[in-house]
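Structure record follows, encoded as structure tokens.
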Amino acid sequence: MTEDRFETRMSHAGRAGTRAYGFVNPGVHRGSTVLFPNVAARREAAKHRFDQVMTYGTQGGPTHYMLEDVVAEIEGGTRALIVGTGLAAVAVPLLAYLKAGDHCLMPDSVYGPARNLAEGLMKGWHIGTTFYDPTLDEAGIAALIQPNTKVVYTEAPGSHTFEMQDIPAIARAAHAAGAKVLMDNTWGLHHFQPFKHGVDVSIQALTKYLVGHSDALLGSVTVNNDDDWQAVRGAANAMGHFASPDDVWLGLRGVRTMPVRMKRQEQSGIEVATWLESQPQVARVLHPALPSHPGHAIWKRDFTGAASLFGVVLKPDYTDEQGVAFIDSLRLFGIGASWGGFESLAIPTTGFVTRTATPTELGGFTVRLHIGLEDPADLMADLAQGLAGLNGEAPAAFD
Ligand SMILES: *Cc1c(COP(=O)(O)O)cnc(C)c1O
């Protein structure tokens with residue numbers, strides 16, 4: 001029997017069969033205390049508390065276990081942990097594998113709050129971090145590894161500047177030195193299978209496309225063997241990480257339509273990005289699925305698709321003020337953080353990203369766009385009137 005295809009698996013994964021009183025969807029199981037018939041049963045359960053055996057609310061319950069199974073399925077790992085936010089999913093494995101005196105490598109393009117964790121709490125605990133050029137090859141990474149390097153952190157592409165990373169090459173260098181490879185795989189989601197490319201621990205901000213409706217925060221940490229499971233589950237447990245079962249339930253609802261939403265958003269994103277590339281006001285578009293992207297060959301080799309999040313660099317003639325006015329003039333793009341929801345968003349990259357290893361020369365005012373489920377023709381019409389405004393023209397009709 002051949003394995004079911006992705007959309008089929010996302011429709012069926014984690015379902016309760018007829019066990020949820022016959023309903024298609026599971027209930028929301030809320031609770032702190034878990035009761036046992038006697039002390040012996042409680043003692044026995046405690047031995048298996050990391051194995052989807054209920055012992056106390058913080059260990060999760062049936063609603064969590066379903067999403068855990070679905071996320072492990074999406075990423076091709078053995079087990080997944082659900083936590084309250086994507087940022088918690090970043091923090092848990094970092095703190096699971098790093099202790100005082102250890103060293104970590106992080107790409108200069110890393111998600112900003114991950115950088116803050118490294119430069120703040122981790123530094124205070126005498127965990128050193130070296131930020132590296134995200135486009136380094138195997139030898140480049142090997143040259144930065146120190147005897148105490150325990151973690152090589154990756155994220156591809158960077159969620160503001162969109163550099164691709166050669167994950168298999170980075171993983172070879174890390175593993176040769178006995179370091180763990182952690183990856184923020186939020187942009188790739190199911191389009192990048194982390195464990196087939198040398199990643200040890202995969203991080204997802206489920207807040208983005210999996211929840212998909214901008215109405216809940218969730219994160220996941222997926223592993224591919226029991227040692228890593230004990231490490232990350234143990235760290236999360238020690239710190240009291242937890243996700244509300246109501247939010248987990250929204251995640252389970254989101255996952256059923258996630259493949260079809262992502263497919264549509266991927267297509268719309270590429271359509272809008274390609275169109276933007278041909279506009280006279282635009283210097284370049286930062287989208288790994290476009291042949292013009294410097295990391296396109298890596299994306300093509302390792303990914304089966306794309307997210308609908310990318311950057312647009314305006315020609316250097318435009319000032320910061322004009323770039324801001326362009327964003328403000330858009331009617332269909334909300335101005336705000338996050339992505340992966342059903343609605344389009346625009347925020348400035350310029351003035352937002354911090355770099356310490358490789359100062360990014362984007363070459364002009366840069367806007368990050370998230371393409372939602374609107375009709376792309378309407379989005380392009382909106383962007384067209386905004387671009388016309390840059391030249392002081394009246395809004396142009398879109399054809
Ligand atoms: C949003 C995001 C996170 C954090 O997710 P939250 O749920 O907002 O904490 C982590 N990594 C990337 C790449 C993100 O875009």
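Numbering of ligands and ligand atoms starts at 1, following listing order. Note that the coordinates shown come from a computational prediction; the quantities given were computed from them, not determined experimentally.
Proximity of a side-chain donor or acceptor of H293 to a complementary backbone N or O of G295 within less than 3.5 Å is detected. Not one N or O on the side chain of E7 forms a donor-acceptor pair closer than 3.5 Å with the backbone of V260.
For atom 3 (C) of ligand 1, the closest non-hydrogen atom on the protein side is Y111 CZ, 3.3 Å. Scanning all protein heavy atoms for the shortest distance to atom 9 (O) of ligand 1 gives L87 N, 2.9 Å. With hydrogens left out, the protein atom closest to atom 6 (P) of ligand 1 is G86 N, 3.3 Å, a heavy atom. Here the protein heavy atom with the shortest distance to atom 7 (O) of ligand 1 is T207 OG1, 2.6 Å.
Side-chain contact between L210 and I74 is present, with at least one heavy-atom pair separated by less than 4.5 Å.
In terms of N/O distances under 3.5 Å, ligand 1 is approached by W339. Distances between N or O atoms of E155 and those of ligand 1 include no value under 3.5 Å. Annotation: V90 places no N or O atom under 3.5 Å from an N or O atom of ligand 1; distance criterion only.
Side-chain contact, S214 with E343: a donor N or O sits under 3.5 Å from an acceptor N or O. Using modelled atom types, one finds no donor on one side chain facing an acceptor on the other under 3.5 Å when comparing H126 with D102.
Only the side chain of L217 comes within contact range of ligand 1, with a heavy atom under 4.0 Å; no backbone atom does. When heavy-atom distances to ligand 1 are checked against a 4.0 Å cut-off, D184 comes that close only through its side chain, counted from C-beta outward. Neither the backbone nor the side chain of W187 has a heavy atom within less than 4.0 Å of ligand 1.
Relative to atom 14 (C) of ligand 1, the option among K208, H160, Q204 with the closest non-hydrogen atom is K208.
Taking every heavy atom of A205 and a limit of under 4.0 angstrom, the matching atoms of ligand 1 come to 2 (C), 3 (C), 4 (C), 5 (O), 10 (C).
Relative to the ring axis of F131, R115 places its NZ or CZ within 45° and under 6.0 Å from the centre.
A salt bridge does not link R264 to E271: none of the charged side-chain nitrogens sits closer than 4.0 Å to a carboxylate oxygen.
Relative orientation of the H287 and W187 rings is perpendicular, given thresholds of 30° and 60° on the angle between their planes.
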